[in-house]
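In what follows, a single structure is set out as structure tokens and then discussed.
Just so we're on the same page: letters track the sequence lines, and every chain starts at 1. Here the structure is a predicted model, which means the values were calculated and not measured. These values consider heavy atoms only, across backbone and side chains, with no hydrogens, waters or symmetry-generated copies.
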There are 6 protein chains.
Amino acid sequence: EGGRRAAPYSGIPTLLDAPHRSIGNEQLDINDLDVALFGVPMDLGVTNRNGARFGPRALRSIERVGPYNDALECAPIHEMAVADIGDVPLLSRFDLAQSHADIEAFVAKIIAEGVIPLAVGGDHSISHPILKAVGAKAPVGMIHIDAHCDTGGSYEGEKFHHGGPFRNAVLDGVLDPERTIQIGIRGGAKYIWEFSEMSGMTVIEAADISNIGIDEVIKRARDVIGDGPTYLSFDIDSLDPSFAPGTGTPEVGGLTTREAMALIRGMKGANLVGGDVVEVAPAYDPTTNTAQNGAQMLFEILSLIQFTPFRNSK
Amino acid sequence: EGGRRAAPYSGIPTLLDAPHRSIGNEQLDINDLDVALFGVPMDLGVTNRNGARFGPRALRSIERVGPYNDALECAPIHEMAVADIGDVPLLSRFDLAQSHADIEAFVAKIIAEGVIPLAVGGDHSISHPILKAVGAKAPVGMIHIDAHCDTGGSYEGEKFHHGGPFRNAVLDGVLDPERTIQIGIRGGAKYIWEFSEMSGMTVIEAADISNIGIDEVIKRARDVIGDGPTYLSFDIDSLDPSFAPGTGTPEVGGLTTREAMALIRGMKGANLVGGDVVEVAPAYDPTTNTAQNGAQMLFEILSLIQFTPFRNSK
Amino acid sequence: EGGRRAAPYSGIPTLLDAPHRSIGNEQLDINDLDVALFGVPMDLGVTNRNGARFGPRALRSIERVGPYNDALECAPIHEMAVADIGDVPLLSRFDLAQSHADIEAFVAKIIAEGVIPLAVGGDHSISHPILKAVGAKAPVGMIHIDAHCDTGGSYEGEKFHHGGPFRNAVLDGVLDPERTIQIGIRGGAKYIWEFSEMSGMTVIEAADISNIGIDEVIKRARDVIGDGPTYLSFDIDSLDPSFAPGTGTPEVGGLTTREAMALIRGMKGANLVGGDVVEVAPAYDPTTNTAQNGAQMLFEILSLIQFTPFRNSK
Amino acid sequence: EGGRRAAPYSGIPTLLDAPHRSIGNEQLDINDLDVALFGVPMDLGVTNRNGARFGPRALRSIERVGPYNDALECAPIHEMAVADIGDVPLLSRFDLAQSHADIEAFVAKIIAEGVIPLAVGGDHSISHPILKAVGAKAPVGMIHIDAHCDTGGSYEGEKFHHGGPFRNAVLDGVLDPERTIQIGIRGGAKYIWEFSEMSGMTVIEAADISNIGIDEVIKRARDVIGDGPTYLSFDIDSLDPSFAPGTGTPEVGGLTTREAMALIRGMKGANLVGGDVVEVAPAYDPTTNTAQNGAQMLFEILSLIQFTPFRNSK
Amino acid sequence: EGGRRAAPYSGIPTLLDAPHRSIGNEQLDINDLDVALFGVPMDLGVTNRNGARFGPRALRSIERVGPYNDALECAPIHEMAVADIGDVPLLSRFDLAQSHADIEAFVAKIIAEGVIPLAVGGDHSISHPILKAVGAKAPVGMIHIDAHCDTGGSYEGEKFHHGGPFRNAVLDGVLDPERTIQIGIRGGAKYIWEFSEMSGMTVIEAADISNIGIDEVIKRARDVIGDGPTYLSFDIDSLDPSFAPGTGTPEVGGLTTREAMALIRGMKGANLVGGDVVEVAPAYDPTTNTAQNGAQMLFEILSLIQFTPFRNSK
Amino acid sequence: EGGRRAAPYSGIPTLLDAPHRSIGNEQLDINDLDVALFGVPMDLGVTNRNGARFGPRALRSIERVGPYNDALECAPIHEMAVADIGDVPLLSRFDLAQSHADIEAFVAKIIAEGVIPLAVGGDHSISHPILKAVGAKAPVGMIHIDAHCDTGGSYEGEKFHHGGPFRNAVLDGVLDPERTIQIGIRGGAKYIWEFSEMSGMTVIEAADISNIGIDEVIKRARDVIGDGPTYLSFDIDSLDPSFAPGTGTPEVGGLTTREAMALIRGMKGANLVGGDVVEVAPAYDPTTNTAQNGAQMLFEILSLIQFTPFRNSK
Ligand SMILES: [Mn+2]
Ligand SMILES: [Mn+2]
Ligand SMILES: [Mn+2]
Ligand SMILES: [Mn+2]
Ligand SMILES: [Mn+2]
Ligand SMILES: [Mn+2]
Ligand SMILES: [Mn+2]
Ligand SMILES: [Mn+2]
Ligand SMILES: [Mn+2]
Ligand SMILES: [Mn+2]
Ligand SMILES: [Mn+2]
Ligand SMILES: [Mn+2]
């Protein structure tokens with residue numbers, strides 16, 4: 001009679017085909033979950049091509065990522081309690097500051113339930129309010145995979161754009177720069193990221209990865225984050241545009257997906273307390289490759305969470 | 001201080017942004033509904049370009065169709081009980097006959113609950129099993145908008161392909177050809193549809209619509225269907241390929257969307273007992289126009305149902 | 001030896017291939033011009049798909065619109081003094097209110113030089129600050145071609161989004177609703193535009209145009225605007241998505257380009273004091289048709305200006 | 001057991017799925033044919049976007065045009081002897097004049113065999129050498145459907161570009177301007193086509209077709225061409241870009257396919273001695289609609305030939 | 001006077017620009033050939049995105065692959081007798097089992113003529129009937145380059161889908177698992193391929209290739225296949241989606257084309273008795289890169305055949 | 001208050017956002033410049049897919065390449081005097097020889113002003129006239145990055161096509177083959193490039209680069225060019241089609257962008273006297289990746305010029 005599961009293109013689309021959990025506006029009612037997947041359809045913080053507000057929709061539409069992770073040997077949707085709880089309810093499509101407040105409040109509720117938040121952006125500015133919730137009690141470390149350091153200062157009068165979330169997080173005391181590593185950095189804006197090195201972050205440039213080797217990059221990353229609680233933020237523009245054209249500030253010369261997957265998988269056992277995949281802009285993604293790569297990286301991060309000490313201590 | 005509803009690109013995508021109703025495998029538990037929207041992601045009956053199995057996903061992803069119908073003056077999602085109940089559970093991705101059986105069984109359950117079924121294909125072969133359920137007690141009339149009559153016979157040994165559902169439905173006694181009108185017909189396959197005229201269907205060719213005028217077409221359609229129970233089947237290839245490139249058997253010289261909407265709206269008050277929108281194949285739809293037009297026509301049909309005597313007699 | 005002009009794909013791209021006029025930040029130095037073409041790359045006011053910030057770039061890249069207008073019998077770039085003066089210098093990519101202030105100030109300078117402003121958006125919210133400059137001395141009338149009335153109120157706490165510029169303009173006393181006609185209206189948001197009719201605007205719906213006929217629409221428009229100073233605002237989503245997929249809030253059932261061009265050309269001799277073409281979002285425009293239609297409409301409006309009494313009185 | 005023909009997507013692609021006739025370099029060996037379909041993959045005469053050299057490939061790849069013409073009631077591939085004889089062997093990819101010589105020589109051989117030539121371009125400059133062969137004995141009349149008159153003079157030192165074939169043909173005495181009608185004309189280059197009217201051609205502009213009506217256009221065309229030998233040249237840019245984006249010099253405001261098909265079909269019985277479909281540039285045709293419309297028009301012209309007195313007198 | 005060959009975009013498109021050999025339905029009449037290239041436009045066995053039925057057309061449309069193979073130093077189309085013999089005549093577009101029977105019968109005829117079959121799919125299920133013909137006398141070994149092992153069992157009641165051809169081939173005794181190597185494996189379905197290892201196949205995962213190195217992979221492959229008759233099956237989804245988006249079940253993290261070409265070329269001298277390139281679905285291939293890579297791999301396999309002992313013993 | 005520069009998508013598009021310098025027809029008036037960026041919108045020399053005439057427009061439209069080069073540690077637009085001086089004025093769109101003459105004359109004027117020319121094609125045939133100007137006094141060496149050697153002879157009667165510029169340059173005595181290295185070579189045309197090795201050029205094939213390593217390639221390149229004046233010609237088809245689909249003669253198995261950038265950057269300090277980036281054909285570039293990669297390589301070459309002894313001796 002053989003196997004059977006629903007066709008990958010059937011049904012209501014959810015992140016990683018996780019079950020949908022409809023949540024109320026006031027209370028989340030999710031304390032049975034290990035991980036909450038959710039979208040943040042907001043891109044008011046972008047500096048160039050916009051459209052990452054459609055990122056959550058794009059990742060939900062991808063078929064066939066998972067359920068089994070052959071490298072990490074787990075099936076996270078089946079072996080943990082995971083749900084797609086929909087999108088952050090944002091009070092305004094026009095107000096960046098309000099959106100950030102909405103995001104922080106929403107993630108704080110997730111954390112209050114003892115659930116690990118795993119977000120899909122939206123632009124990278126969302127990581128700041130998420131970190132404010134995740135690092136509220138104590139600053140966290142971070143694996144940050146990106147073409148950009150995103151530690152820039154105020155720009156055109158706006159401090160909370162997508163080029164600065166991690167400076168803001170450090171200044172707010174929710175991110176520990178000494179326990180932060182930034183991987184894949186490149187491009188013409190490097191001179192505005194002096195905060196990264198000044199604050200003590202470790203920066204690995206894309207151009208050096210071929211020579212360093214991914215195994216050594218993994219080793220450095222684990223050294224930086226140690227055993228403490230750690231956030232993993234994956235900006236899809238860390239990948240080369242040949243893999244991820246669908247993003248707002250593409251930078252030539254990026255990571256391959258084999259490198260990126262090896263890197264994330266190399267974090268097995270790290271103490272992850274949250275994560276995100278950001279900056280997928282499907283209007284620039286005619287093949288859907290960008291969204292598929294985003295969903296794959298989301299799946300890899302979710303898989304890591306199965307092995308995190310944090311979860312097991314719940 | 002001003003209005004507010006969720007951003008059209010946020011949340012879990014559903015057909016026409018209707019609420020999602022998760023249903024069990026055995027019982028549908030939908031008898032509070034007026035109309036059940038559902039997908040039929042099956043395209044084993046196509047004869048050329050395939051991909052209509054992704055039609056339901058494509059229509060769910062469209063933003064901003066409805067909620068208000070300014071021509072028909074109604075807001076059907078709000079004024080009726082409507083839900084997206086997901087997709088027909090199909091036992092096999094490889095078996096056309098089994099799929100048709102699954103569809104018929106599923107629609108029969110919907111009807112048993114006193115709910116009007118409104119399907120999104122998938123290829124047009126699905127209309128046959130739907131009609132077998134809808135017309136089980138007595139044959140129904142039909143408004144059929146399509147480039148093709150779909151009354152062809154067996155082809156390459158297969159009787160139940162997407163070019164023959166309405167011959168099959170007539171032969172099964174579930175469709176009344178005298179109460180059937182086919183609108184938008186054109187193209188090089190006309191010679192295989194002699195069944196349409198032989199059985200008594202009314203056929204209006206696309207090339208004649210400019211001269212006849214939509215108002216007259218509406219009048220003929222209402223004459224044909226009368227007051228009896230009527231099904232409305234909308235094949236997206238009825239539209240010209242400039243409006244609907246994303247379909248498997250496009251035919252040059254089709255309807256405009258203004259004509260198609262006027263036509264459907266002209267059916268206000270008809271006794272609709274079910275309907276479908278079929279043949280949207282998003283892989284051929286780089287602008288998403290085809291899916292948007294499909295969603296719009298679905299919305300128009302749903303709006304009609306608000307005025308159907310059938311519903312009000314429930 | 002034959003004719004010769006530069007190949008249409010050569011050189012620095014400008015709007016309608018008009019000469020580029022580089023302007024300083026403080027003074028515009030354009031008082032020799034009849035018409036100033038300029039871009040407004042700002043889309044913080046959109047409610048759905050964004051990307052209209054790339055509209056000016058998209059229109060500049062189009063080849064071969066003009067130089068001769070065979071219907072209006074003029075060659076406006078050659079017969080008037082016209083330049084592309086670049087884009088409004090916007091102080092912030094993140095601040096809608098600031099952007100509107102920047103736009104108003106910039107257009108006020110153009111008008112102070114006695115030059116007619118002709119803008120390329122950007123989202124439709126830009127028409128409000130433009131009208132504040134254009135109608136500063138006395139309210140103007142308006143030909144408004146759009147799928148949407150854009151007379152909605154505050155939304156999610158924001159009053160100055162792209163769905164409300166003309167309510168705002170009326171309330172600010174710069175737009176005369178009695179001398180305003182809105183053409184091409186359709187779609188599910190109609191119920192939020194009651195301000196249009198309450199304030200005395202004339203509204204012509206897309207669905208009625210086939211029956212009314214373009215000649216009659218022109219007549220009504222001329223009756224509404226009379227001889228007074230008049231603005232012409234062209235939202236590209238007035239066109240059907242088959243013509244203009246590249247826009248943020250497409251609506252099925254729109255105008256054809258033949259209708260739109262006939263309509264604009266029918267305004268020959270009207271007293272135009274400014275205009276705009278808005279809402280071209282090239283990320284959704286794989287064929288470049290939307291941008292080409294936008295450039296064509298810009299050219300038609302520019303051609304009208306050659307016949308405006310306002311210009312001749314300069 | 002039902003019908004059967006090869007799947008439309010199977011086998012070696014040919015024009016209109018006609019049988020392929022492989023021909024030698026010296027002798028064509030086609031005198032059993034009624035009509036020879038062939039490609040002319042040459043676009044050195046274009047003035048803007050190029051790529052029409054891929055036009056023949058694009059039309060060959062289209063599925064499902066024909067075999068039956070329901071309006072003209074014929075099945076031309078089956079009822080005449082028709083073959084796709086491949087492409088004109090062009091001696092150089094770089095030499096426009098040589099290409100034109102190659103084309104003329106090739107078509108002369110077809111005509112010497114008593115076969116009607118039906119060409120697929122390539123750019124419109126190919127019509128000049130074709131007409132030199134077709135009209136070698138006596139000038140022919142012409143139905144010319146195009147956005148452009150293509151009666152321009154020398155340009156940048158080149159007389160034989162795609163904007164001038166019909167001036168050249170008249171000056172060479174192979175085209176009778178009094179028996180020539182040009183339909184669909186529009187756009188900013190009109191002032192360079194004064195030759196059309198000076199030489200006695202009839203010109204019908206696109207903007208006037210809605211008012212004139214297609215039936216009247218047909219009548220005028222038949223009056224112009226009379227009973228004499230007539231060529232039909234279809235430039236795909238006659239269609240509006242919403243139907244035919246894949247072309248090098250698109251012009252807003254063109255014909256619909258329903259108008260174009262009605263127009264061609266209205267020529268039933270005309271004395272056709274050859275024809276062409278030109279200017280399909282598939283690199284700009286993401287939906288394949290342009291190629292499909294090209295193939296459809298080719299099919300309509302081929303269908304006309306079944307009724308031409310010329311053929312029957314063979 | 002310089003070189004000359006037909007422009008790559010001219011003429012009737014064939015696989016690798018090989019001569020077209022038209023074959024009858026009953027007898028193939030090809031015994032003068034060394035290699036028969038043919039298409040199998042069938043995709044009823046796919047489990048997700050369909051459209052590989054257009055794979056043969058897509059590969060035929062590619063220009064400029066070959067004629068010279070600089071790595072293998074041969075010009076296979078010129079130095080062997082090779083033809084494109086068209087597509088397998090399939091009796092039904094709707095019947096997977098019938099299609100498989102048709103394929104097996106067709107390939108058996110090719111082999112009976114002493115010709116090496118080289119197929120272009122279609123989905124991967126076609127390799128099973130091909131192997132039934134190729135391995136009819138004795139089981140063959142196989143180089144299998146794919147993201148998936150394709151040794152799954154019955155699925156939704158269907159045993160002969162594209163995820164199981166090689167299990168079926170082993171069970172039918174036509175494929176020797178001990179002489180089979182599978183290269184490029186990855187993704188979430190690995191747990192359903194236990195048959196590969198249980199039956200004795202060698203499996204090399206994509207994630208390990210960077211570390212192992214292509215030279216070592218080649219060595220292992222040659223060890224596995226030895227000197228016996230060997231089939232080479234290339235699933236285009238073995239390549240990373242950045243190279244091959246146009247396929248139905250893309251998997252992140254695949255081979256580069258430099259790796260894949262090196263791998264195939266490393267098989268020079270192996271005893272190849274047949275091969276295929278499968279799973280190209282052009283509707284998902286907006287750049288044509290997938291089809292070009294498919295054609296290139298087809299060319300590499302064809303080049304190998306020039307050095308196979310099998311051919312030389314003919 | 002934070003930083004501020006104009007939004008990357010605003011204003012008149014220029015190459016690398018360099019200032020636009022409008023130049024007269026007779027005199028260039030650029031002797032204050034260090035480097036002149038300019039376009040050459042000409043593609044009459046291509047042998048397959050055309051459209052590189054739109055290459056300059058495509059590169060101008062790219063946002064956000066530069067201003068800082070973090071690897072070479074310079075900001076060339078700010079630290080040198082650089083301008084986009086528009087496109088070479090070409091007398092004819094139809095005449096390859098005339099175009100080459102126009103290019104040579106234009107570049108000669110640039111050089112006469114003591115300015116380094118940096119061109120954007122256009123097809124690769126333009127490098128021949130550029131080199132005639134650059135090497136007029138003495139032959140130069142060359143770094144040539146390309147899939148093709150472009151040292152072929154006359155083809156179809158044309159000597160000056162895009163497959164032969166460097167043979168022509170050597171024969172004209174403007175290029176020193178002993179000081180020329182060609183990197184990235186591959187594909188089926190290799191046998192027509194025997195001139196490369198016969199004349200003494202160094203050729204490095206793409207397939208060998210993984211084994212040789214980029215560092216060694218750089219070393220060989222520097223050995224070949226030495227300290228003499230050197231030209232750098234970058235054909236975008238040197239990159240693999242996954243990075244650069246938008247080109248006319250794509251070849252599978254090319255360079256990655258990380259390799260290409262490392263290679264160019266490795267030339268720091270070389271005595272560059274000119275350069276070009278050619279063969280970007282945007283009609284085949286749906287993601288704009290090809291244009292972005294072209295702009296990036298242009299930026300890398302421009303950065304190199306900041307360190308060239310030639311410039312400093314000015
Ligand atoms: Mn970032
Ligand atoms: Mn980034
Ligand atoms: Mn149908
Ligand atoms: Mn149909
Ligand atoms: Mn608007
Ligand atoms: Mn609008
Ligand atoms: Mn023409
Ligand atoms: Mn034309
Ligand atoms: Mn496979
Ligand atoms: Mn596979
Ligand atoms: Mn080259
Ligand atoms: Mn090249």
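Residue C:Asp240 touches chain B through its side chain alone, counting heavy-atom pairs closer than 4.5 Å. Contact annotation for C:Thr249: both backbone and side-chain heavy atoms come within less than 4.5 Å of a heavy atom of chain B. Only the side chain of B:Asn289 comes within less than 4.5 Å of a heavy atom in chain C; its backbone stays farther off.
Here the side chain of B:Gln292 pairs a donor or acceptor atom with the backbone of C:Pro250 at under 3.5 angstrom.
Between chain B and the options C:Ser210, C:Gly246, C:Gly152, C:Ala207, heavy-atom pairs under 4.5 Å are most frequent for C:Ser210. For the set C:Lys159, C:Arg186, C:Lys190, the count of heavy-atom pairs under 4.5 angstrom toward chain B peaks at C:Lys190.
Note that CD of C:Glu251 is 7.5 Å distant from CD of B:Gln296, once rounded to the nearest 0.5 Å. Within the model, atoms CD of B:Glu63 and CG of C:Asn48 stand 4.0 Å from one another, a figure rounded to the nearest 0.5 Å.
Under the 4.5 Å side-chain criterion, counting only non-hydrogen atoms from C-beta, C:Pro286 is in contact with B:Thr287.
Of residues 252-262 of chain C, those residues with a non-hydrogen atom less than 4.5 Å from any non-hydrogen atom of chain B are, in numerical order, C:Val252, C:Gly253, C:Gly254, C:Leu255, C:Thr256, C:Glu259.
Counting non-hydrogen atoms of neighbouring residues, nucleotides and ligands closer than 6.0 angstrom, the CD atom of B:Glu216 exceeds 12 such neighbours.
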